[in-house]
Structure formats: C-alpha cells, structure tokens
Amino acid sequence: MPLLLVQNLSKGYRTPSGGGHRVIAIEAFALGAGEHMALRGESGSGKTTFLNLLAGILAPDAGSILLDGVDQAQLGEAARDRRRAETIGYIFQTFNLLQGHTVLENVELGMAFGRGVDRTYAESLLGRVGLSSRLHHFPRQLSSGQQQRVAVARALANRPRLVLADEPTGNLDRRNAREALALIREVCRESGAALLLVSHDEQVLAQFENVQDFAALNRVVSPEAAP
Ligand code: ADP
Ligand code: MG
C-alpha cells in the first residue's frame with residue numbers, strides 16, 4: 001500500500017451563474033513513502049486544487065484519498081485537521097507566515113496544532129535551514145529566501161510523512177529558488193518524508209528525476225460537467 005493512494009477523484013467549483021465547472025478528474029494516483037515527485041502543469045490546470053484536496057483543506061465531490069490507508073473524506077472535520085497537522089507539511093508559494101509572530105513562534109505554532117510544541121526541535125530545524133541567528137526576527141525583517149526557509153522548517157515541524165509544495169520557489173529569484181529547492185529536497189530526504197511538488201517552471205522541474213505531466217493525470221474532459 002503506497003503512502004498516498006487517490007482513486008476516482010473529482011472536484012468542481014460553482015460558477016457565479018449557478019452552474020459548475022469541473023477542475024479535477026483523476027482516476028488514479030499513487031505516491032510511495034519517501035518518494036519525490038514533481039507534477040508539471042500550466043497555470044489554471046488545477047494543481048493547487050489537487051494539493052488542497054490531498055491536504056484535506058478542500059473536500060472532494062467524489063473519490064477517495066487514502067493517506068497511510070485512511071480515507072481523508074471519511075473523517076470528520078476535526079479529525080481531518082488533526083491528521084493534516086500530524087502527517088502533512090505544506091509549503092506555499094506565498095510562504096503564508098504569521099506576520100505578528102517571530103520565526104521561532106511560526107514553527108512552534110505549527111507544532112501546537114500537531115504533535116505538540118518542542119522548542120529544542122524547532123530550534124534545530126531552524127538551524128538546519130540556516131536561521132539560527134534569526135529566531136526572534138519577524139517575517140518582515142527577513143528576505144524572501146529566508147522567509148521561505150522558515151516555511152520549510154514549519155512544514156517539517158511535525159515530522160510529516162508527506163510534504164506538499166505548491167510552486168514553492170515562485171516568489172524567489174533564480175539563485176534563492178535553486179537553493180530553496182535543494183534544501184526542501186534535502187530535509188525531506190533526511191526525515192524520510194515523501195515530497196510532492198507542483199510547478200509550471202521548467203528550471204524547477206529539471207531538478208527532479210520523477211516528473212509527471214499533470215494534464216496526463218488530470219483528465220478533465222467536459223468543462224460544463226457540474227459537480
Ligand atoms: P493552478 O494551481 O494549476 O493554477 P487552481 O487549482 O488554482 O490551478 O485553479 C484551477 C481552476 O479552478 C481555475 O480555473 C481557477 O479559476 C478555478 N478555481 C480555483 N479556486 C476556485 C474557487 N475557490 N472558486 C471557483 N473557482 C476556483
Ligand atoms: Mg496554483
């Protein structure tokens with residue numbers, strides 16, 4: 001049984017006119033424990049929607065998402081939130097740090113919703129991403145590259161089995177993007193976490209051995225199909 005197993009997944013959004021438009025139609029998708037995979041997809045092709053479904057942030061219209069053999073869709077909201085915090089790390093394009101909290105607090109808050117605050121581990125993770133001297137800085141006092149490194153530490157804070165990365169280097173310059181990506185891959189490898197990254201950036205995709213085309217996976221045939 002793979003770490004992640006998706007079957008007959010379907011998701012659509014309501015349009016303002018009252019209709020619906022289907023964004024996700026994935027028959028089957030699997031990711032093994034510790035595996036690294038990148039999905040290549042155009043903007044608007046449903047990549048973020050897919051990751052949000054995997055994370056349990058969005059509920060599917062149909063289909064199953066088995067993470068470690070447990071179907072997310074069958075869990076209640078509270079159980080799903082807890083499970084997400086404990087098993088999934090999410091890295092966003094826009095970092096999504098809490099601006100009113102320090103670097104260390106951002107990582108500890110991630111822990112508070114998951115396996116519990118462990119300051120020693122939070123500090124060691126921040127050291128791992130090169131931010132030992134920035135623990136008490138606020139996000140706005142950091143460069144974009146440093147902010148994304150905080151987000152990487154936060155994503156790893158609960159020792160997740162799966163890390164989702166949504167265009168994680170989209171707001172970084174070339175050099176920082178390359179370094180951030182290498183760091184994400186290293187910390188995932190060190191902790192044994194599987195990594196699923198989505199991107200439209202060929203330079204990002206080129207750093208992965210395993211790259212799949214999202215369009216081949218996501219077979220949205222009729223845009224008028226209502227959810
Ligand atoms: P990507 O991440 O590949 O750019 P998204 O998953 O963000 O794609 O979006 C896929 C499609 O779904 C787009 O056409 C987008 O406009 C639409 N969409 C995304 N989120 C919503 C939403 N909350 N409500 C309605 N439509 C949405
Ligand atoms: Mg997106």
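First listed ligand is number 1; within each ligand, the first listed atom is number 1.
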Ligand 1: protein residues within heavy-atom distance under 4.0 Å: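 Heavy-atom contacts below 4.0 Å: Tyr13, His21, Val23, Glu42, Ser43, Gly44, Ser45, Gly46, Lys47, Thr48, Thr49.
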Test: Arg159 cationic atom under 6.0 Å from Tyr121 six-membered ring centre, within 45° of axis: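 Geometry flag: set, cation within 6.0 Å and 45°.
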NZ or CZ of Arg185 within 45° of Phe208 ring axis and under 6.0 Å: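 Output yes; distance and angle both within limits.
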Under 3.5 Å donor-acceptor, Glu108 side chain and Val117 backbone: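 Between the backbone of Val117 and the side chain of Glu108 there is no qualifying donor-acceptor contact (under 3.5 Å).
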Donor-acceptor pair, side chain of Arg154 and main chain of Gly110, under 3.5 angstrom: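 Not confirmed, Arg154 side chain does not pair with Gly110 backbone.
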Member of Val23, Asn218, Leu39 meeting the side-chain contact (heavy atoms from CB on, under 4.5 Å) criterion with Phe50: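 Running side-chain contact (heavy atoms from CB on, under 4.5 Å) over Val23, Asn218, Leu39 with Phe50 returns exactly one hit, Leu39.
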Ile88: which of Leu67, Leu54, Asn158 passes side-chain contact (heavy atoms from CB on, under 4.5 Å):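 Considering Leu67, Leu54, Asn158, a side-chain contact (heavy atoms from CB on, under 4.5 Å) with Ile88 is found only for Leu67.
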Thr48 N/O/S atom closer than 2.8 Å to the Mg ion (ligand 2):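 True for Thr48.
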